[in-house]
Structure formats: C-alpha cells, structure tokens
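Remember, predicted model here, so these are calculated numbers, not experimental data.
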Amino acid sequence: IIYSVVMVVIVAFLLAFVASALKPIQDANVLRDTKNQVLMSLNIVGLKGEAVDQKYAEVVTDTLSVAEKVVYQANVDGAVKYVFPVKGRGLWGGLWGYISLNEDKQNVFGTYFSHESETAGLGSRIAERAFQESFNGRPVFAEDPSQVALTVTKDGTAKTETEVNGITGATLTSN
C-alpha cells in the first residue's frame, strides 16, 4: 500500500509538472489554430506554422467587440472584410466557425466551419472546403436588412440566392 501511494504521488507530481511546463506551448498552438481558422474564412488556405502568424499579422488589421463577441476586420487584396464567429450544435456535439463578409456586410466572402464529433461522411462534411465555398458570394439579407435570409436547405432544394444546399443525411448539422 505504501509503495502504491508513493507511486501515485510521484506520477501525479510529474503529470502536474509536465502539464504546467507545456501550458504556454499549448496556448500558443490554440491561438495559432484560431488565427488559421480566421484566415481560412478569408479564403487564405494552406498555411502552416509561423506562416499563419505572419499572414494573420499582415491581413487582420483590427479586432472589434460586438455584443461580447470578437469581430475581426481584415484587408484582403486591398478590400476590407469583416469576420464573425459562429457557434451551433450538430447531432453529436458542438459546431463552430467563422463567416467573413465584404465591407458592405451584405455578401459572404468566405466561411470556415468545424465540428466536435459529427458523423464521418455526413455531418463532418461541413469541414470540407467544397461545402464552405458554397456560401461564397451569397447575400446575407433579403429585402429586410434586419432579417438574416441566408439559410441552408435540404440538398438539392436551394432555389434562391440566399439558400445554400445542405448535406444529405446531416439535417441537424446543416441547420
């Protein structure tokens, strides 16, 4: 029993030490991942490591606080873009992402979505660039600018500019 207690204490101490020693690296990786997600919503893809930090510093010009959320202001090829964070729930877990709008805040410039644990081949397809790019250029509002009109419909049923075809078999994720 004494041996077991000593081993548990030693292992717990080592785990706590390693966790606290690696915390700054973990925090830096989380921040870099967030920066990369923002850049991907601005249609800047394929960056790794320090290239993400450099491009983010070049492109993102300001962060604004709107309704207790961070909104990013960016400059892409000389044009101002605004990046808004989004969150939701899928069938099995959380969904998150970013939607970037043109300067007039009327049309989608790009999107990035990811998921916690959606079904492989169905809901997980929101993380594919093909689905994300289907939002590009779509108007966010119809006639009434106080009502968001951009929606995801069942696959193959999108009829208007503000409708995007969803993913077959992933209704909750698409919603």
Side-chain angles (χ1 to χ4, degrees), residues 1-77 79-103 105 108-136 148 152 167 170 172-175:
I1 292 176
I2 293 172
Y3 174 77
S4 295
V5 169
V6 169
M7 289 304 295
V8 166
V9 169
I10 290 171
V11 169
F13 173 77
L14 288 174
L15 284 173
F17 174 76
V18 169
S20 65
L22 293 176
K23 180 100 171 94
I25 296 169
Q26 292 170 342
D27 291 344
N29 286 338
V30 168
L31 180 60
R32 182 173 284 160
D33 185 50
T34 300
K35 290 177 180 179
N36 194 36
Q37 291 176 22
V38 169
L39 290 173
M40 288 178 74
S41 77
L42 292 165
N43 300 319
I44 301 170
V45 297
L47 301 177
K48 304 266 187 233
E50 290 189 20
V52 171
D53 297 328
Q54 293 168 351
K55 190 66 171 178
Y56 181 89
E58 174 189 324
V59 170
V60 176
T61 58
D62 199 5
T63 56
L64 313 164
S65 181
V66 177
E68 299 180 17
K69 302 233 186 246
V70 174
V71 175
Y72 303 88
Q73 181 177 329
N75 187 320
V76 178
D77 297 328
V80 174
K81 309 294 180 195
Y82 294 96
V83 181
F84 296 85
V86 293
K87 286 187 177 184
R89 294 270 314 153
L91 179 60
W92 302 114
L95 307 172
W96 64 90
Y98 296 90
I99 296 179
S100 62
L101 303 180
N102 293 320
E103 186 172 14
K105 299 177 207 78
V108 175
F109 179 71
T111 60
Y112 171 83
F113 302 114
S114 194
H115 60 93
E116 184 179 330
S117 57
E118 292 304 289
T119 306
L122 295 174
S124 67
R125 292 185 49 216
I126 65 165
E128 295 175 3
R129 288 305 294 168
F131 175 72
Q132 296 170 8
E133 289 172 352
S134 65
F135 288 83
N136 294 0
V148 173
V152 178
I167 299 168
L172 288 176
T173 304
S174 294
N175 289 344

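Of the N and O atoms on the side chains of Lys81 and Asn75, not one donor lies less than 3.5 Å from an acceptor on the other residue.
Interatomic distance, Ile126 CD1 to Trp96 CH2, rounded to the nearest 0.5 Å: 8.0 Å. Atoms CZ and OG, from Arg129 and Ser134 in turn, are 10.5 Å apart once rounded to the nearest 0.5 Å. Considering CG of Leu101 and NZ of Lys105, their distance stands at 8.5 Å, rounded to 0.5 Å. With rounding to the nearest 0.5 Å, the separation of CD in Glu103 from CZ in Phe109 is 12.5 Å.
A donor-acceptor contact shorter than 3.5 Å is absent between the side chain of Ser41 and the backbone of Ser100.
For the pair Tyr82/Leu64, a side-chain contact is recorded, criterion being any heavy-atom separation below 4.5 Å from C-beta on. The closest side-chain heavy-atom distance from Asn136 to Asn43 is below 4.5 Å. A 4.5 Å side-chain heavy-atom check between Phe135 and Val152 finds at least one atom pair inside the cut-off. Annotation: side chain of Val71 is not in contact with side chain of Val83 (no heavy-atom distance under 4.5 Å). Gln132 places a side-chain heavy atom less than 4.5 Å from the side chain of Tyr112. Between Asn36 and Arg32 there is no side-chain heavy-atom pair separated by less than 4.5 Å.
Other residues, nucleotides and ligands place no more than 12 heavy atoms under 6.0 Å from the CD atom of Glu50. For Asp77, the CG atom counts as loosely surrounded, since its 6.0 Å shell holds 12 or fewer non-hydrogen atoms of other residues, nucleotides or ligands. The local environment of CH2 in Trp92 is sparse, with at most 12 non-hydrogen atoms from other residues, nucleotides or ligands closer than 6.0 Å.
Relative ring orientation between Phe113 and Phe131 is described as tilted, the plane-to-plane angle lying within the 30° to 60° band.
Here the rule is side chain to side chain contact (heavy atoms under 4.5 Å, CB included) with Tyr56, and of Leu39, Leu47, Leu42 only Leu39 fits it.
Across all non-hydrogen atoms, the minimal contact from His115 to Ala127 is CD2-CB, 4.2 Å. In terms of heavy-atom proximity, Lys69 sits nearest to Pro85 at CD-CG, 4.3 Å. Between Gln37 and Tyr98 the shortest heavy-atom distance is OE1-CE1, 3.4 Å.
Residues that satisfy the salt bridge (charged side-chain N to carboxylate O under 4.0 Å, His left out) test with Glu58, not counting sequence neighbours, are Lys55.
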Under 3.5 Å, side-chain donor or acceptor atoms of residues 1-21 against the rest of the protein: list the pairs with distances, not counting sequence neighbours.
| residue | atom | partner | partner atom | Å |
| --- | --- | --- | --- | --- |
| Ser20 | OG | Ala16 | O | 3.2 |
| Ser20 | OG | Phe17 | O | 3.0 |

